Structure formats: structure tokens, C-alpha cells
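For the numbers below, each heavy atom of this structure counts, side chains included, while hydrogens, waters and symmetry mates do not. The structure displayed is predicted, hence computed values, not measured ones. All residue numbers in this chain count up from 1 along the given sequence.
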Amino acid sequence: MTSPTSTAVPPTAVPEGGPAPATRRWRPATRRVVVRALAGVALLGLWQLAAVAAANPSFIPSPGAVWEQLLRLSTTHDGIRGYSGSLLLEHLGISLRRILIGSAIGVAGGLVAGVVLGTVPWIRVVAEPVVTFVRALPPLAYFSLLIIWFGIDETPKLWLLAIAALPPVAVATAAAVHGAPTDLVEAARALGASRRDVIRDVVLPHALPEIFTGVRLAVGIAYSSVVAAETVNGVPGIGGMVRDAQRYLQTDVVALGLLAIGLSGLLIDGLLRVAEKRLIPWRGRS
């Protein structure tokens, strides 16, 4: 008689090196979501405690007051449409458009400047201090000059954001291009590649991870400069809304504007991270 153990079917095992179970694969992501949600709740609790302790809405508004302003500025209330005639999303959209255009100009200029600085030694010696000088300037330091040159319309705002976004990309690109592997460059030249071919096929692919880091920094700096760019004739615009509300001690509107800037900035940075993973899949691999 055959023993029961000889006919028992062994339990199915996961092959070595095969895909992990779904529960194990998603567990770290779920844990991150839960931790961040708990951190958000804790921050809201601390905010509410600080508002109660201050007992002054003009100093620290409560989360409830900011929520009420969110509802008020997102609709038409008592015949008043949003803030200064524009809804909150419209203010944010106009600021995002300015950031997109200014960042695009700054990133494009930074890429060109970085490639030139990284490949032409004498230009690097002459122009690198200028780029460092511009990077050290706060946006408000040259915004007044831009207003004198271009007036108070859109042009000085876009130039401010472009100038703020250019140096990080230029510095990152120059450093990455200058540090391209010499053996790969020499091998490409030995095979008959021209200078343009070497830059396009060898130097830039090697430099892309550092360049993308510079792009993320540039967009973040441009985003943080939008309030400075919208100090003059900035309404509609989320930065102009914050500055205007500050004059009238509308602290809840100021807090709402800052939250809108911060949350949309997180979203933009997340999109840039996704784009980085898609466009530079070899980053971090030897």
C-alpha cells in the first residue's frame, strides 16, 4: 500500500528569482502612504493647537478658516467671484503658465550655456564666474531693473523666472559635460566621430542624469521665485494674491495661497521624477 505521504502534492513554491507575491510587492508602498497620511494628520493637529494657543486669527488662522477660504475663493460667493474677480484655480493656472514659460526659457539657455562651458575651456574660465554671480543674486535684487527695462506687464516676470532657472541647469550641465569619460570620448573620435557627434552621442547621454537634476532644481527655484515675480501687477496670479492678501492682514488667504503653491510644487516635482525614470532608465546603474 502506498503511504499517504508519497502521493501528497507538495505546496506550490515561488521559483527562486521569480516575481514576489503581490502583498510583498505592494507592502512598502502602502506603508509609505499610511506613514505620510498619519504625518499629515499630525501636522493638521499641531496647526490647530497652535491656532488655539495663539487665539489670534490674524496671526495663525485655523485649518477650518483656511478651508472656508478655499471654498469661498473657488466659487462665486455673495456676488464676489473668487479673489479679485478670479477663482483660486485661475490664479494658480496663470502662475503655473508663467513658471512653465520662464522655466522653459531658463532651462534651454542653461543647457546651451552648460554645453559650451563644459566643452570650451577658455569660455568656461571667462563665463563661469558670471554664472555663479547671477546664481547668488536674490530675484528681488534684479527685478526692479527688469521693470525699468520692460515695464510692469508679463515680460519682466518671465525674465525673472528665466534668469532664476538658468544658473542651476548651466552649472549642472557644465559639470556633467566636463566630467564625461575620456576613454569613451577618445574611442568615439578614433572611430571618426566629429565633435558634434561626440557631444550628441557620448557626452550628453552620460550627462543626462546630472542635467535632469539641474532641471528639477531650476523648476523649484523658479517656483519659489513666483511670489517675487508677482509683487508688481501680479493679480491674477497665486503669488500676487498672497502679496495682496498680506497687505490687508488676510492671513487665512495667505496660508491658502502658500498651501496651493506648495502642493502644486509637490505635484510638479513628482511629475518630473516620473519623467526622469522614463527618460533616463539607466540612472543609478553601473
Shared ILVMFWY cluster between Val177 and Leu166, side chains joined below 4.5 angstrom? no
Single-linkage hydrophobic cluster, 4.5 Å side-chain cutoff, Ile148 and Leu146 together: yes
Any donor-acceptor pair under 3.5 Å from [X] side chain to [Y] backbone:
| X | Y | value |
| --- | --- | --- |
| Lys157 | Thr231 | no |
| Asn233 | Asp153 | no |
| Asn56 | Ser58 | yes |
| Ser95 | Leu92 | no |
| Trp159 | Glu154 | no |
| Thr213 | Pro209 | yes |
| Ser74 | Leu71 | no |

Check [X] against [Y] and note the closest heavy-atom contact, atom names and distance.
| X | Y | value |
| --- | --- | --- |
| Leu88 | Met241 | CD1-CE, 3.9 Å |
| Ala164 | Ile221 | O-CG2, 3.5 Å |
| Ala170 | Val131 | CB-CG1, 4.3 Å |

Run the numbers on Phe59 and Thr251 for side chain to side chain contact (heavy atoms under 4.5 Å, CB included), then give the verdict. CA-CA 7 Å; Phe59 186 66; Thr251 315; over 6 Å; no
Say whether Ser62 and Gln48, considering side chains only, have a donor N or O and an acceptor N or O under 3.5 Å apart. no
Just by distance, no angles: are the side chains of Gln250 and Tyr83 close enough, under 3.5 Å, to form a donor-acceptor pair? yes
Does Val235 form a side chain to side chain contact (heavy atoms under 4.5 Å, CB included) with His91? I'd like the steps, not just the answer. CA-CA 8 Å; Val235 178; His91 286 287; 4.0 Å; yes
Within a radius of less than 6.0 Å around CZ of Arg273, do more than 12 heavy atoms belonging to other residues, nucleotides or ligands occur? no
Within 6.0 Å of CG in Leu137, more than 12 heavy atoms from elsewhere: yes
Which is it for Val66 and Leu70 under the side chain to side chain contact (heavy atoms under 4.5 Å, CB included) test, yes or no, and what are the steps along the way? CA-CA 6 Å; Val66 175; Leu70 172 62; 5.8 Å; no
